[in-house]
Amino acid sequence: MAEIPKAYEPQAVEEKWYGFWLKENCFAADPKSPKPAYSIVIPPPNVTGMLHMGHVLNNTIQDLLCRKARMEGKEVLWLPGTDHAGIATQAVVEKTLRKQGLMRYRDDLGREKFLEHVWAWKEKHGGIIIQQLKKLGCSCDWSRERFTMDPAYSKGVQRVFVDLYNKGLIYRGKRMVNWDPAARTALSDEEVEMTERNGHLWHIKYPLLDQDGKPSADEFLVVATTRPETMLGDEAVAVNPEDPRYTPIVGRKCLLPLQNKAIPIIADSFVDPKFGTGCVKVTPAHDPNDYQMGQRHGLPLTVVIGADGAMTPAAGAEFSGLDRADARKLAVEKLTAAGLLLKTEDYVHNVGYSQRSGVPIEPFLSEQWFLKYPAVEPSIRAVEEGRIAFHPERWSKTYSHWMGNLRDWCISRQLWWGHRIPVWYRKSANGEPPEVSCQIESPGPGWEQDPDVLDTWFSSWLWPFATMGWPDQTDTLKKFYPTTDLVTGPDIIFFWVARMIMAGHEYLGDLPFRNVYFTGIIRDKQGRKMSKSLGNSPDPLELIAKYGADALRFGTMRSAPLGQDVLFDEKDVELGRNFCNKLWNACRFRQMHGGEVQAEIDPKRLTSDDKWVLLKLDRAIHEITQAFADYRFNEASQTLYRFFWNEYCDWYVEASKAVLHGTDEAQKASTLAVIDFVLSHAVRLFHPFLPFITEELWHGMGYSADMPASQGGKTIIFAPWPKALDEDFIHHYGLQETVAAAVDARYELVSQGRNLRREGNIPAAKKVKYILKPSGGLSAQEAEVIKLLLNAEALELQPEYQPEKGTPVVHSSLGELYLPLSGLVDTAAEKVRLGKEAEKIEAEIIKAEQRLNNPSFTQKAPPNVLQEHQKRLADWKAKREQVQAALDRLKE
RNA sequence: GCGCGCUUGGCUCAGUGGUAGAGCACUUCCUUCACACGGAAGGGGCCGCAGGUUCGAAUCCUGCAGCGCGCACCA
């Protein structure tokens, strides 16, 4: 065993072992392996993205699952890759090119040239996030890294498009879509975020026209609108057909101000007579509801806002070219000047914003491609029947709700970066509509491909199988599909999860994964979402550099409960680092005592402390295994923390010094064997959380030497996952719960004894003598442990001890522990202390008696609970007697 | 409007029918031969409010309040 440094230094260790794992191909998945398969496909990060805390949370969980599965003897495939992220990537590149002065708008460069720039960008930045994942310790099979625009992957995307087109599920149509005027593309409904805004409701007078088309001086309608600039495109005013106030004027016309245009008054049941004035202005080209009404009433579509968000010439000379926001201001000004603005109310309403560019969405009429979702029914059933299990389960409700209200998916984007739509057109000579052909390759000369690309999610939804070589029946697909677990955020349940389930059912006739783990969202200490603009998003790589990857992983896992948002605090990472250091030093302590790894535990030499720690280890293994089964990683990490720090280090290691500092060599060897047993288990239990330090210790401590090369001899990655101790083991080593309880009582006595020392203001370093008046048997070794843990000069066992008046004492089931302080006794202080204790005991006794005196409790409570309460009462009563006796002695 | 989640010590959160827990922060003491990225002892909570079920509720049910998040075509 090599000497190891005093504090754990992660940097060199991390680099060394990650390189080793790669060199030894430890993460490679073998489709020919006879082992049972375990697989995860990574939620592909944006190819040009940078690692953030969300990735840390998400990928640590995946790594945890994969590493545990390997230790359990599974053949593991964690398939990594990146997403081309259409709009996001294109926007970044456009911005850069604009900054460099290479273009103002992408048309300046043209499609080919522009795409060259994007690919160059991808080549330059595309590998960054992959390298960052490696720093985190992710055990992905990098030989299988995929990109959603790999040639083979693209083929799959196009094939699916053609197939769905041929099935009649994909169609083209002119619709009112969500338009992003900044990115100048259509978006899906899911990419629009409704945000509550403080706006205004402007009440505008529309004068009625008489028979001659002359505006009436005193007859007018009042319409209320949140978007006065759209009135330039109004084609009607609508009222409810049942509204008696307005039925007489339906069919007449009114004057559209600013445009000086006559528009009809129509009746439509969409209008709610109780809202506002009961009159609605109708702008068919710029509002989805108005569009519907326009269709019903045959109204013209006057487009006053263009694709760039600026007013068109149709808006009139004064407005043409103005941005929509400026047009609103001008419209209000002009209406005010004309005396047509009746009032302006403050009004809170929801406005749709582009999730990508952050600008308000414009309802916009355009020709787009739509998909009617396939395999909807089986996809709903798969989740409802639990064949796909959501963790936490409640998200299945969100899923079902969305799946039950599906609307066709707008899949075309007016972008260049993405999969181009495999549809071809050939102009016909005689003005007829062009010929259309949907196929992957060009049908030949004279055919032009549709200029649009597909929504990024139209490629992502194929990720679980398109990454495995589909449509070919590859070995990988056969072995690892369907995947086992998916780990992702609930924010993409519609974008990605639901769509993957449908694609899986449509193309492979089965579910794509069996479990979906939804992480929480990482927030800052104040609970705000992390964002670049707030500057509250810590750089994980800086945290890794400062604390180590293991520390970052452990801290994150420890504070991330299932399904709950995580408030990130650097303190958590600090805790992780401190924990690694504790683990490190616990191993140094073992090393200090030298000798070979002790493989065999001798049952005859086990002390009660040894048995206690083995039982605690057993309980920890049970709890951790259950926590993993429930996807409760925070519980698993907390159990590990408690076991290792509190139980093993604080109590067992300290107690073991009674043996290790002694002279009995055979007993020392026995203790070291227990330590080796516990440590070699603990290091493996920690490995999924702390891959680097555990690998280092696995080798440094010599535990790898006991294992065959395929099972931990070479690397801890394949070391067997610890099993709970079996009955034979427990019987063989005499590990009864009663032993553990007795040791618990002994440690409790020690705590109380230390408290006496504090209460007496005796410096920790000062050696003092304690006297124990035992109530039962205590071995010499156990007494030695008590002495050591109390840091006492001596512990005298005196069954007949008669204390001097006022000697401080504590009481327990093991007996009375006195701290005789020759000449230094403060009787008054001791009286106060014992008085307080007596009060506490009295309160507990009253509580217990009340319960036990209640006949319905004694009749109805289960026997074990009843017994427990009876025992509790008896214990408190015994203690009361002891304390009372001590108090009486003070009075003499 | 509908749905979901949260409300437990100063802070962040576990706990989910039988004596209120952790980490951090705080107080006091200790550089003792694994670790000051440490050790020891301690203070601090009528578990949001009101009802109900139960022998027994922080825990189950019902209402209410506050906060957060989804979904929804009301100008």
Side-chain angles (χ1 to χ4, degrees), chain A residues 4 6-8 194 201 223-227 230 238 270-272 274-283 287-292 347 349-350 363 392 394-395 397-398 401-402 405 490-491 493-494 520-521 523 525 527 547 551 555 558-561 563-569 571-572 574-593 632 634-635 638 641-642 646 649-650 653-654 657 661 750-752 754-759 761-767 789 791 844 847-848 851 854-862 864-866 868-869 872 876:
Chain A
I4 54 182
K6 189 166 170 176
Y8 173 57
M194 299 304 283
L201 198 53
V223 300
T225 181
T226 54
R227 300 196 61 194
T230 62
F270 166 78
V271 180
D272 176 1
K274 289 189 288 295
F275 187 90
T277 58
C279 292
V280 183
K281 62 190 265 317
V282 182
T283 320
D287 182 276
N289 294 313
D290 293 5
Y291 177 75
Q292 297 295 328
Y347 188 67
H349 65 309
N350 289 318
R394 66 186 149 85
W395 291 111
K397 204 163 180 172
T398 307
H401 183 257
W402 189 75
N405 295 280
D491 50 333
I493 190 166
F494 310 140
I521 295 167
R523 297 170 180 282
K525 257 195 282 189
Y547 299 103
R558 199 169 174 283
S559 57
Q564 225 53 47
D565 286 356
V566 185
L567 298 204
F568 176 81
D569 187 341
K571 286 269 178 209
D572 293 326
E574 203 176 311
L575 176 129
R577 178 202 57 183
N578 294 354
F579 185 79
C580 289
N581 194 241
K582 190 73 180 177
L583 178 61
W584 186 255
N585 276 290
C587 288
R588 280 184 70 219
F589 174 80
R590 164 65 186 90
Q591 277 202 324
M592 241 175 49
H593 292 90
R632 294 179 181 275
N634 68 317
E635 280 181 23
Q638 282 171 34
Y641 187 95
R642 183 206 68 218
N646 301 133
C649 289
D650 288 349
V653 169
E654 293 307 319
K657 289 175 182 173
H661 294 174
V750 167
S751 282
Q752 289 188 62
R754 286 164 172 171
N755 182 238
L756 274 188
R757 176 195 277 276
R758 282 287 304 135
E759 297 271 342
N761 273 324
I762 298 158
K766 185 171 176 179
K767 296 270 180 184
L789 293 178
N791 192 27
E844 292 294 341
K847 224 161 73 181
R851 192 162 289 178
N854 182 348
S856 38
F857 172 72
T858 47
Q859 281 159 28
K860 293 190 179 174
N864 61 321
V865 172
L866 186 60
E868 204 184 305
H869 280 80
R872 203 176 296 155
W876 283 120

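First the proteins, then the strands, lettered A, B, ... as listed; each starts at 1.
Looking only at atom types and distance, the side chain of R758(A) has no donor-acceptor partner in the side chain of N755(A) under 3.5 Å away.
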Protein-nucleotides 21-26 of chain B N/O pairs under 3.5 Å:
unit_1, atom_1, unit_2, atom_2, d
rA22(B), O2', R558(A), NH2, 3.1

Between protein and nucleic acid, restricted to nucleotides 5-7 of chain B and to nitrogen or oxygen atoms under 3.5 Å apart, what atom pairs and distances do you find?
unit_1, atom_1, unit_2, atom_2, d
rG5(B), O2', Q564(A), NE2, 3.3

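In this structure, of rG56(B), rC4(B), rC37(B), it is rC4(B) that holds the atom nearest to the side chain of K397(A). Among the nucleotides rA40(B), rC4(B), rG15(B), the one closest to the side chain of R754(A) is rA40(B). Of the listed nucleotides (rG3(B), rA75(B), rA34(B)), rA34(B) has the atom at the smallest distance from the side chain of F589(A). When distances run from any side-chain atom of K582(A) to the nucleotides rU19(B), rG39(B), rC29(B), the shortest one goes to rG39(B). Residue R577(A) has its side chain nearest to rC37(B) when only rC55(B), rC37(B), rG18(B) are considered. Among rC35(B), rA75(B), rU28(B), the nucleotide with an atom closest to any side-chain atom of E654(A) is rC35(B). Side chain of F857(A), nearest nucleotide from rA34(B), rU19(B), rG18(B): rG18(B). The side chain of R588(A) has rC35(B) as its nearest neighbour among rG39(B), rG18(B), rC35(B).
The aromatic rings of H869(A) and F857(A) lie perpendicular to each other, with more than 60° between the two planes, well past the 30° mark.
Taking OG of S751(A) as the reference point, atom CZ of R754(A) lies at 6.0 Å (rounded to 0.5 Å). Here R588(A) contributes atom CZ and Y8(A) contributes atom OH; the two are 15.0 Å apart, rounded to the nearest 0.5 Å. In this structure, W395(A) CH2 and I493(A) CD1 are separated by 6.5 Å, a value rounded to the nearest 0.5 Å. To the nearest 0.5 Å, the span separating OH on Y641(A) from CG on N646(A) amounts to 7.5 Å. One distance of note links SG of C580(A) with OH of Y547(A); it measures 13.0 Å at 0.5 Å rounding. Atoms CZ and NE2, on F494(A) and H401(A) in that order, are 8.5 Å from each other to the nearest 0.5 Å.
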Exercise. Which letters describe nucleotides 67-74 of chain B, given B = protein heavy atom under 4.0 Å from base, S = only from sugar-phosphate, - = neither?
Worked result: ----SBBB
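H661(A) comes within 4.0 angstrom of no nucleic acid atom, judged by non-hydrogen atoms across all strands. Contact annotation for P490(A): no contact, since no heavy-atom pair falls under 4.0 Å across all strands. In this structure, C580(A) reaches neither bases nor backbone, as no heavy-atom distance under 4.0 Å exists between it and the strands shown. V653(A) comes within 4.0 angstrom of a nucleotide base, judged by non-hydrogen atoms across all strands.
Not a single side chain to side chain donor-acceptor pair (under 3.5 Å) links D491(A) to another residue, sequence neighbours left out. Under the side chain to side chain donor-acceptor pair (under 3.5 Å) criterion, E868(A) pairs with R872(A), sequence neighbours left out.
Atom CG of N755(A) is separated from atom P of rG42(B) by 4 Å (rounded to the nearest Å). Rounding to whole angstrom units, CG of residue L789(A) and P of rA41(B) are separated by 10 Å. With rounding to whole Å, K274(A) atom NZ is found 15 Å from rG1(B) atom P. With rounding to whole Å, E868(A) atom CD is found 7 Å from rG18(B) atom C1'. rU16(B) atom C1' lies 11 Å from atom CD of E635(A), rounded to whole Å. Here the P atom of nucleotide rU12(B) and the CG atom of D569(A) are 10 Å apart, to the nearest Å. Protein atom CZ of R632(A) is 14 Å distant from nucleotide atom C1' of rC13(B), rounded to whole Å. Distance CG (N585(A)) to P (rA36(B)): 7 Å, rounded to an integer number of Å.
Here the separation of rG52(B) from rG38(B), taken at their P atoms, is 50 Å to the nearest Å. Using atom P as the reference point in both rG48(B) and rU59(B), the two lie 8 Å apart (nearest Å). Taking atom C1' on both rC46(B) and rC30(B), the two are 37 Å apart, rounded to the nearest angstrom. Comparing rG42(B) with rA50(B), their P atoms are spaced 34 Å from each other, to the whole Å. With P as the reference atom, rC71(B) and rU62(B) are 26 Å apart, rounded to whole Å. Across rU7(B) and rA14(B), the matching C1' atoms stand 15 Å from one another, rounded to whole Å. Spacing of C1' atoms, rC11(B) relative to rG44(B), comes out at 13 Å, to the nearest Å. The gap from the P atom of rC6(B) to that of rC74(B) amounts to 28 Å, rounded to the nearest Å.
Across all non-hydrogen atoms, the minimal contact from V282(A) to A238(A) is CG2-CB, 3.7 Å. Taking every heavy atom of both residues into account, K281(A) and D290(A) meet most closely at O-OD2, 3.3 Å. Residues V280(A) and V223(A) share a closest heavy-atom pair of C-CG1, 4.3 Å.
For the pair E574(A)/D569(A), no side-chain contact is recorded, criterion being any heavy-atom separation below 4.5 Å from C-beta on. Side-chain contact between H349(A) and L201(A): absent, with no pair of heavy atoms (C-beta onward) separated by less than 4.5 Å. Side-chain contact between N791(A) and R757(A): present, with at least one pair of heavy atoms (C-beta onward) separated by less than 4.5 Å.
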For this session: Any chance you could encode RNA chain B as dot-bracket? Rule is Watson-Crick or G-U wobble with both distances under 3.5 Å; [ ] for pairs crossing earlier ones, | for another strand.
Result: ((((((((.[[[[.)..(..]]]].(((((.......))))).....[[[[[..)....]]]]])))))))....
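Residue S751(A) has a polar side-chain atom (N or O) positioned under 4.0 Å from OP1 or OP2 of rA41(B). Taking only side-chain nitrogens and oxygens, N634(A) never comes nearer than 4.0 Å to OP1 or OP2 of rC13(B). Distances shown here put a side-chain N or O of R872(A) below 4.0 Å from the OP1 or OP2 atom of rU19(B).
Annotation: of the two residues near RNA chain B, V566(A) and L201(A), the 5′-most nearest-nucleotide partner is V566(A). Residues R758(A) and K860(A) each lie close to RNA chain B; by heavy-atom proximity, the contact nearer the 5' end of the strand is made by R758(A).
By the neighbour-count criterion of 12 heavy atoms within 6.0 Å, atom NE2 of H661(A) is densely surrounded, having more than that number from other residues, nucleotides or ligands.
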